[in-house]
Amino acid sequence: MAQKKRSSWLLNLLIVVTLIVVALAFTAHYKNWTKIENNSFRIFSGIYYQKIPFSEIDSLTMVPKIPSMERINGFSVKEIEKGVFKEDSIGENKVHVFVDKLSHSKIRMVYNDSLKLYFNLSDSTATKTLYDYLSSKIIVEKE
């Protein structure tokens with residue numbers, strides 16, 4: 001009888017720990033987290049993270065959709081697309097994608113001469129506001 005109680009207690013603990021880990025993973029990935037510092041922009045979602053100084057941003061544009069690419073690692077769920085992609089089978093450059101809503105416009109950022117980053121936020125007006133802010137920062141940095 002004591003053996004059965006111990007095993008059910010252990011099983012219950014394992015279930016609770018698993019649920020906590022799943023909840024933390026969901027919280028970390030369910031949206032893009034951005035932070036603007038004095039001279040850089042950070043975006044992260046779960047295990048994917050990019051920090052880009054404003055001085056290294058070459059161009060910034062709004063695009064209606066991302067091009068078709070080969071996923072190296074990452075995931076897609078409904079309108080969410082996140083991960084590291086390869087632009088084509090020949091190219092070596094990795095493209096980082098942080099898209100919360102595929103149906104909304106995305107920001108295409110080129111930095112370090114050829115590296116690309118596509119991202120948006122779940123709120124399209126917040127994405128536009130972020131685009132305007134980043135555009136003003138790179139114009140100031142270039143002058």
Atom CG of Leu19 and atom CG of Leu24: how far apart are they, to the nearest 0.5 Å?
11.0 Å
From Asn39 CG over to Ile52 CD1, what is the distance, rounded to the nearest 0.5 angstrom?
13.0 Å
Going by the ring-ring contact (aromatic ring centres under 6.0 Å, His included) test, which pairs reach into residues 100-120, not counting sequence neighbours?
Phe41-Phe119
NZ on Lys86 to NZ on Lys94, rounded to 0.5 Å
10.0 Å
Examine Val63 and Phe85 and state if one hydrophobic cluster contains both, with Ile, Leu, Val, Met, Phe, Trp and Tyr joined whenever side-chain heavy atoms are less than 4.5 Å apart.
yes
Looking at Asn32 and Ile43, would you say the former's side chain and the latter's main chain have a donor-acceptor pair under 3.5 Å?
no
Taking Leu115 as the starting point, is it possible to reach Ile138 by hopping between hydrophobic residues whose side chains are less than 4.5 Å apart?
yes
With sequence neighbours excluded, tell me which residues meet salt bridge (charged side-chain N to carboxylate O under 4.0 Å, His left out) with Asp132.
Lys128
Decide whether Val77 and Phe98 are clustered together by the hydrophobic rule: side chain heavy atoms of Ile, Leu, Val, Met, Phe, Trp, Tyr closer than 4.5 Å, transitively.
yes
Side chain to side chain contact (heavy atoms under 4.5 Å, CB included) evaluation trace for Phe75 with Ile80
CA-CA 8 Å; Phe75 66 94; Ile80 298 173; 4.0 Å; yes
With a 3.5 Å distance limit and no angle check, can you tell me whether Ser40 reaches the backbone of Ile36 through a side-chain donor-acceptor pair?
no
I'd like to check the side chain to side chain donor-acceptor pair (under 3.5 Å) partners of Tyr131; sequence neighbours left out, ordered by chain and number.
none
At what distance, to the nearest 0.5 angstrom, does CG of Leu117 lie from CZ of Arg108?
10.5 Å
Donor-acceptor contact below 3.5 Å, side chain Asn120 vs main chain Val99:
no
Does Lys31 make a cation-pi contact with Trp33, if we ask for NZ or CZ under 6.0 Å from the ring centre and within 45° of the axis?
yes
Sole candidate of Thr127, Asp123, Thr129 that passes side chain to side chain donor-acceptor pair (under 3.5 Å) when paired with Thr125:
Asp123
Close side-chain approach of Val17 to Leu13, heavy-atom, < 4.5 Å
yes
How long is the span from the OG atom in Ser68 to the CD atom in Glu87, to the nearest 0.5 Å?
10.0 Å
Within this structure, what is the NZ-CZ distance for the pair Lys137 and Phe54, rounded to the nearest 0.5 Å?
5.5 Å
Any donor-acceptor N/O pair, Glu79 side chain to Ser103 backbone, under 3.5 Å
yes
In sequence, state the C-alpha distance, the side-chain angles, and the governing distance for Asn93 and Lys116, and then conclude on side chain to side chain contact (heavy atoms under 4.5 Å, CB included).
CA-CA 8 Å; Asn93 287 344; Lys116 293 181 186 149; over 6 Å; no
Has the side chain of Lys106 got a donor or acceptor atom that lies under 3.5 Å from a matching backbone atom of Pro64?
yes
Which class fits the ring pair Tyr49 and Phe44: parallel under 30°, tilted 30 to 60°, perpendicular over 60°?
tilted
Under 4.5 Å between side-chain heavy atoms, counting indirect links through other Ile/Leu/Val/Met/Phe/Trp/Tyr residues: same cluster for Ile66 and Val95 or not?
yes
Group every Ile, Leu, Val, Met, Phe, Trp and Tyr by side-chain heavy-atom contacts under 4.5 Å, then state whether Leu102 and Leu121 land in the same group.
no
